[in-house]
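Whatever order the structure lists them in is the order used to number ligands and atoms, beginning at 1. The analysis underlying the following values was restricted to heavy atoms, covering all of them including side chains, and did not include hydrogens, waters or symmetry mates.
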Amino acid sequence: MQLLSNRLFLLSAFLIFFACRFTPPNAADSVSKQIITDHAMVVTAHPLATKVGVEILAKGGNAFDAMVGVHFALAVVYPAAGNIGGGGFMVSRHAGGAIHTLDFREMAPAAAYRDMYLDEKGEVIENLSWLGHLAAGVPGSVDGMFTAHDSLGSLPFEEIIQPAIDLAANGFSLTEKEADGLNAKMERLQKYNTTGNAFTAKEEWKPGQQIRLPDLARTLERIRDHGRDGFYAGETAKLIVEEMERGKGIMTTDDLQNYHSVWREPVRGSYRGYGVISMAPPSSGGVALMQLLKMVEPYPLKEYGFHSAKAVHLITEAERRVYADRARYLGDPDFYPVPVAALLEENYLTTRMETFEENQATPSDSVEAGLVQMAESEQTTHYSIVDSMGNAVSVTTTINGGYGSCVVVGDAGFLLNNEMDDFSSKPGVPNAYGLIGAEANAIEPGKRMLSSMTPTILEKDGKLCMVVGTPGGSTIITSVFQNIINVVDFEMGMQESVSAKRFHHQWLPDEIDYEEGALDEKTKEVLTSYGHTMDLRGGIGKVDAILVLPDGRLEGGADPRGDDEAGGF
Ligand code: DON
């Protein structure tokens, strides 16, 4: 009986999944990607990864099983950001309300040191923390998947990693965006690799072209057969260390053996009656998101209007103050006493906004981090999952830049991250996302570099309400923030919210970045008259989110900025 109902589930899942797949693949309007399901949903950056997740849920796996399946599938079909050579954060909520937050962020190798990216004059050496072997932190993804699955999964690991192995061994076809991404990085992929591999091809990649990743398939098989040791020990570890030796990197067997994920206390707060659950340091995401929400909460955003000059001005002013705090106080809490509670205190946040003026920008050079009591190209990817029991998983994972350090581990077939660039190489010198940092985020052996990743879950009346997150470097926090206010204040549906244009301010540089069409001419004029500098830029973030509708159905929000797709049943 159980088997029969599983089969029926699977069949209907397939039908619905394929129905949604045959929407135009790169459609840029909000409606084409919108789907609503009754029971379960998976939203990821790639249709094939979404399909893997939906199939696992349909055969009775829970959200954590689907998470593992999706994570490894993305590592194959979405090499720009999906990974086993990177790290990330998971925020989850069980149907009964139990919360778990797992940190599987990369760690600095033991031989890393504070000034490792500076020349003898103390200047930052261009690209050293961004490209090549020295840019890589010790990967956390594989340990993270095992750690989460050991305590929260239900199906055997071997079963849920198999679809990824099959995709790597049998091949899959490249989407237009992925072909473009690989072509854009072709020279770098050749320059920074010490061995030939699937990614060092010299001919232009074409959309629809088949790609097979046999080395990666073998690495995934070792993970399937030997568990965590299939990556952090044995053959794969040997291949990583040999790669490091060829490329003058510093990661060692001990670094791999010593890698460990950490269960963290979540950052929790409320916004207009909604419960907010997000990631604690070493991500700055949860703290910064909660600060932003609390700073704008006293103001009637809805009355101001979506993307009105008043709303954009208020949000910008909150953002510049929050990012100033981020630069000063946020880092790995195992190495630096991050004052999380003090940064979220109501009085502190009220004081921070005391200098806010309604019709006047506060120049960033007059804004510093607040005073708190010290008690002690982008590519990343996010996926959101809700299973038919009501368990929810929000995971953001990254190798940092598109294709990470551009180093593929020889014979192991996977790209290494360039996460070391998320440390502050030198106080005050911006990283690839223009973010600056100081002591709290200085390089130390074994330390985790500060992140902006903000996997988040919202509750309403003690029930699951929304699962949300995005890539986008420094813009992650403000994109998650905008999706929350889009739904809570501006009463948008999930797909409408995800598709809505976005803007961003991060203290330094002192400018409002906005997407084409985000702000009308009049609004830009008003903002300029307040003293803001406006800067048009390409897509901001790629949000994949799920909203629980009042009748209990699930609405997916798959970002039209990418190949992202929602599926479910
Ligand atoms: O952890 C972080 O904040 C960055 N490594 C994320 C990079 C990112 O989102 C790039 N993608 N768009």
Side-chain angles (χ1 to χ4, degrees), residues 45-46 74 78-83 85-91 103-108 129-131 135-141 144 177-178 181 184-185 278-289 322-323 326-327 330-332 377-383 395-406 415-425 430-437 440-441 443 447-456 468-481 502 504 506 513 515 537-544 559 561-564:
H46 198 288
L74 284 169
Y78 191 44
N83 68 82
F89 299 101
M90 177 199 83
V91 173
D103 160 5
F104 54 98
R105 181 72 162 162
E106 298 91 328
M107 292 166 71
S129 63
W130 186 249
L131 291 166
V138 185
S141 281
K177 287 195 166 65
E178 199 61 46
K185 289 284 164 84
S278 195
M279 195 64 218
S283 178
S284 60
V287 171
L289 174 69
V322 166
Y323 277 79
R326 181 195 188 278
L330 275 291
D332 181 347
S377 117
E378 358 183 285
Q379 283 305 337
T380 292
T381 190
H382 178 85
Y383 50 91
V395 173
T396 314
T397 178
T398 188
I399 43 177
N400 200 13
Y403 308 94
S405 61
C406 288
L415 283 148
L416 284 170
N417 66 84
N418 56 348
E419 224 71 64
M420 292 296 284
D421 190 67
D422 276 349
F423 277 119
S424 172
S425 292
N431 75 355
Y433 304 103
L435 293 167
I436 60 168
N441 191 31
I443 305 171
K447 189 174 176 181
R448 290 160 197 247
M449 53 298 283
L450 183 60
S451 173
S452 299
M453 292 189 281
T454 315
T456 297
V468 60
T470 182
S474 55
T475 67
I476 291 174
I477 300 160
T478 59
S479 294
V480 170
F481 167 79
R502 296 191 267 268
H504 170 77
Q506 60 178 49
D513 295 333
E515 292 180 313
R537 55 162 279 178
I540 298 179
K542 223 153 60 71
V543 178
D544 284 338
D559 206 313
R561 295 162 182 82
D563 297 321
D564 308 48

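The distance from ligand 1 to the heavy atoms of Ser452 drops below 4.0 Å at these ligand atoms: 1 (O), 2 (C), 3 (O). Taking a cut-off of under 4.0 Å to the non-hydrogen atoms of Ile476, the atoms of ligand 1 that pass are 9 (O). Contact atoms of ligand 1 toward Tyr433: 7 (C), 8 (C), 10 (C) (distance under 4.0 Å to a heavy atom of the residue). The atoms of ligand 1 that sit less than 4.0 Å from any heavy atom of Met453 are 1 (O), 3 (O).
Classification of Arg105 and Asp103 as a salt-bridged pair fails, no side-chain N sitting under 4.0 Å from a carboxylate O.
When atom types are taken as modelled, the side chain of Tyr383 and the backbone of Leu74 share no donor-acceptor pair closer than 3.5 angstrom. Under the 3.5 Å distance criterion, the side-chain polar atoms of Asn418 are matched with a main-chain donor or acceptor of Gly401. One N or O on the side chain of Lys185 and one on the backbone of Gly402 form a donor-acceptor pair closer than 3.5 Å. A donor-acceptor distance shorter than 3.5 angstrom exists from the side chain of Gln506 to the backbone of Tyr433, with no hydrogens or angles considered.
Checking only distances, Pro471 never comes within under 3.5 Å of ligand 1, N or O to N or O.
Nearest-heavy-atom check against atom 12 (N) of ligand 1 across Pro282, Gly472, Ser451, Gly402 picks out Gly472. For atom 8 (C) of ligand 1, the nearest non-hydrogen atom from the set Thr380, Ile540, Asn418 comes from Thr380.
Atom-to-atom distance recorded for Ser474:OG and His504:NE2 is 4.0 Å, nearest 0.5 angstrom.
By the criterion of a heavy-atom distance under 4.0 Å, neither the backbone nor the side chain of Arg448 is placed next to ligand 1. Residue Asp422 touches ligand 1 through its side chain alone, judged by heavy-atom distances below 4.0 Å. Using a 4.0 Å cut-off between heavy atoms, Lys542 makes no contact with ligand 1 at all.
Residues forming a side-chain hydrogen bond (donor to acceptor under 3.5 Å, both in side chains) with Thr381 (at least two apart in sequence, or on another chain): none.
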